[in-house]
*Asks:* 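Could you have a look at this structure, given as structure tokens, before my questions?
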Amino acid sequence: MLSVENIAVRYRGVTVLQDISLTLAAGRTLAVVGESGAGKSTLIGTILGLVRCSAGQVTWNKAPVRRCRPALVMQEPRSAFNPRVSLRRSVTEPLIAERRPVDENQMAALCRSLDIPTDLLERRPSAVSIGQAQRIGILRALIAAPPLVLFDEPLSALDAVTQKHTARMIADLQAKEGFAALIVTHDLGYAAAYADHIAVLRAGRIEELTTAQAFIDAPQTAYGRELRDAAFALGALERVA
Ligand SMILES: Nc1ncnc2c1ncn2[C@@H]1O[C@H](COP(=O)(O)OP(=O)(O)O)[C@@H](O)[C@H]1O
Ligand SMILES: [Mg+2]
């Protein structure tokens, strides 16, 4: 279980995250929803240990999170890769780092699930589409079978049709592989359709944290209602209404 307890982050005296507490059980999905600048990427950084907290602690099964080797799927899929090496090289990096061999059968199965023709992996990042690059980013995240995967706006660089397919693939892979997913997104429709729980992050604080269904039925804060109603108005919540 991921446990984030009372963390705070300051950048040069400015508070960016304050009193953040949340948990995420093995195999489950938590969506952190919030507008740009709310602190979503900073939260991911603290969980990965890349951003220093001024208070609080983050653990996975009561041990430092890095020991479970969590994976990250980034927002900008192409820039997530070294432009000078083949995608295969980047994808297998997490295994190379652990001195583990590449299991070609597992690799082929993941490629099939993600609709990645294996010859694409011989290319450089600039020679694949954004949608393909994001699926290859997900492949890299899952190659070492991590128990925890953090997704930082995984759909926001994609067009609507590709978003839908990619969201489905992530959910199907999660059912198969069993990783816990923390998904940061500004898309409440996506959060409501796929997450067990939703945390609303606003200006560095969690405004509410509840089950996805309870949030859609009855947000507890004015801001939560505003988010929910805006998503309804856009038709983004039709799937779950
Ligand atoms: N390295 C940094 N130095 C100073 N301020 C930062 C840094 N990274 C982020 N911030 C500030 O922290 C706030 C939250 O940023 P971020 O976590 O990127 O938000 P989000 O991912 O929700 O858009 C913003 O006000 C941003 O300007
Ligand atoms: Mg961000």
Side-chain angles (χ1 to χ4, degrees), residues 2-24 29-58 65-66 70-81 125 130-131 133-135 137-138 140-141 148-160 162-163 166-167 170 180-195 197-210 212 215 219 221-228 230-231 234 236:
L2 174 71
S3 173
V4 171
E5 293 166 77
N6 306 108
I7 62 166
V9 171
R10 280 194 296 266
Y11 285 125
R12 290 185 215 93
V14 178
T15 298
V16 172
L17 289 180
Q18 197 165 8
D19 203 21
I20 302 284
S21 295
L22 54 86
T23 59
L24 169 60
T29 305
L30 169 68
V32 177
V33 179
E35 60 200 24
S36 179
K40 303 184 298 298
S41 295
T42 303
L43 175 60
I44 283 185
T46 62
I47 293 169
L48 291 173
L50 305 171
V51 170
R52 213 176 61 83
C53 303
S54 52
Q57 62 170 359
V58 185
V65 176
R66 68 184 146 68
L72 171 65
V73 174
M74 292 190 239
Q75 179 171 3
E76 291 300 330
R78 283 211 194 98
S79 58
F81 294 108
I130 298 218
Q134 190 56 303
R135 298 205 296 282
I138 296 166
R140 175 173 59 182
L148 172 65
V149 184
L150 307 169
F151 296 84
D152 193 349
E153 309 231 24
L155 307 182
S156 63
L158 311 176
D159 65 72
T162 312
Q163 282 183 340
T166 308
I170 292 171
L182 186 141
I183 302 178
V184 150
T185 178
H186 58 257
D187 181 345
L188 186 56
Y190 175 35
Y194 289 102
H197 288 84
I198 292 180
V200 175
L201 188 68
R202 186 191 197 192
R205 288 175 172 274
I206 291 182
E207 290 245 329
E208 51 188 303
L209 201 178
T210 179
F215 181 74
T221 62
Y223 181 64
R225 277 192 294 280
E226 203 180 302
L227 277 184
R228 195 257 328 242
L234 284 169

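As the structure lists them, so they are numbered: ligands from 1, and atoms in each ligand from 1.
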*Asks:* Calculate, to the nearest 0.5 Å, the distance between atoms CG and CG belonging to Leu30 and Leu182 respectively.
*Replies:*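 The CG atom of Leu30 sits 5.0 Å away from the CG atom of Leu182.
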*Asks:* Minimum heavy-atom separation for Pro154 to Val184, with atom names?
*Replies:* CD-O, 3.7 Å
*Asks:* Counting non-hydrogen protein atoms only, what is the nearest one to atom 7 (C) of ligand 1? Give residue, atom name and distance.
*Replies:*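 Checked against all protein heavy atoms, atom 7 (C) of ligand 1 sits closest to Tyr11 CE1, 3.2 Å.
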*Asks:* Compare all side-chain heavy atoms of Val73 with those of Gln134 and state whether any distance is below 4.5 angstrom.
*Replies:*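 The answer is yes; the side chains approach within 4.5 Å.
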*Asks:* Under 4.0 Å from any heavy atom of Ser41, which atoms of ligand 1 are there?
*Replies:* 17 (O), 18 (O), 20 (P), 21 (O)
*Asks:* With distance as the sole test, does Arg140 use its side chain to make a donor-acceptor pair with the main-chain N or O of Phe81 at under 3.5 Å?
*Replies:* no
*Asks:* Can you tell which part of Thr42 has a heavy atom less than 4.0 Å from ligand 1: side chain, backbone, both or neither?
*Replies:* both
*Asks:* What residue and atom, counting heavy atoms only, is the protein's closest point to atom 12 (O) of ligand 1, and at what distance?
*Replies:* Val16 CG1, 3.3 Å
*Asks:* Measure the CG-CZ distance between Leu158 and Arg135 for me, rounded to the nearest 0.5 Å.
*Replies:* 9.0 Å
*Asks:* Within a distance of under 4.0 Å, is there any protein heavy atom near atom 27 (O) of ligand 1?
*Replies:*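 There is no protein heavy atom less than 4.0 Å from atom 27 (O) of ligand 1.
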*Asks:* Measuring only between side-chain heavy atoms, which start at C-beta, is Val33 closer than 4.5 Å to Phe215?
*Replies:*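 Contact flag for Val33/Phe215 side chains = no.
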*Asks:* Would you say Lys40 and ligand 1 have an N/O pair spaced under 3.5 Å apart?
*Replies:* yes
*Asks:* Regarding atom 25 (O) of ligand 1: of the candidates Gly39, Gly34, Gly37, which has the closest heavy atom?
*Replies:* Gly37
*Asks:* Considering the Mg ion (ligand 2), could you give the total of protein N/O/S atoms lying closer than 2.8 Å?
*Replies:* 1
*Asks:* Test your reading of the model: is there a side-chain donor-acceptor pair from Glu208 to the backbone of Pro219, 3.5 Å cut-off?
*Replies:*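 Here the side-chain-to-backbone pair does not exist.
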*Asks:* Counting N and O atoms only, with roles assigned by atom type, does the side chain of Gln163 sit under 3.5 Å from a partner on the main chain of Leu155, one being a donor and the other an acceptor?
*Replies:* yes
*Asks:* Please list, in number order, the atoms of ligand 1 under 4.0 Å from a heavy atom of Glu35.
*Replies:*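 Numbered from 1, ligand 1 contributes 22 (O).
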*Asks:* Tell me if a side-chain donor or acceptor on Lys40 pairs with a main-chain N or O of Leu201 at a distance below 3.5 Å.
*Replies:*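 A pair under 3.5 Å: no.
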*Asks:* Say you draw a straight line from CD of Gln18 to CD1 of Ile7; how long is it, rounded to the nearest 0.5 Å?
*Replies:* 11.5 Å
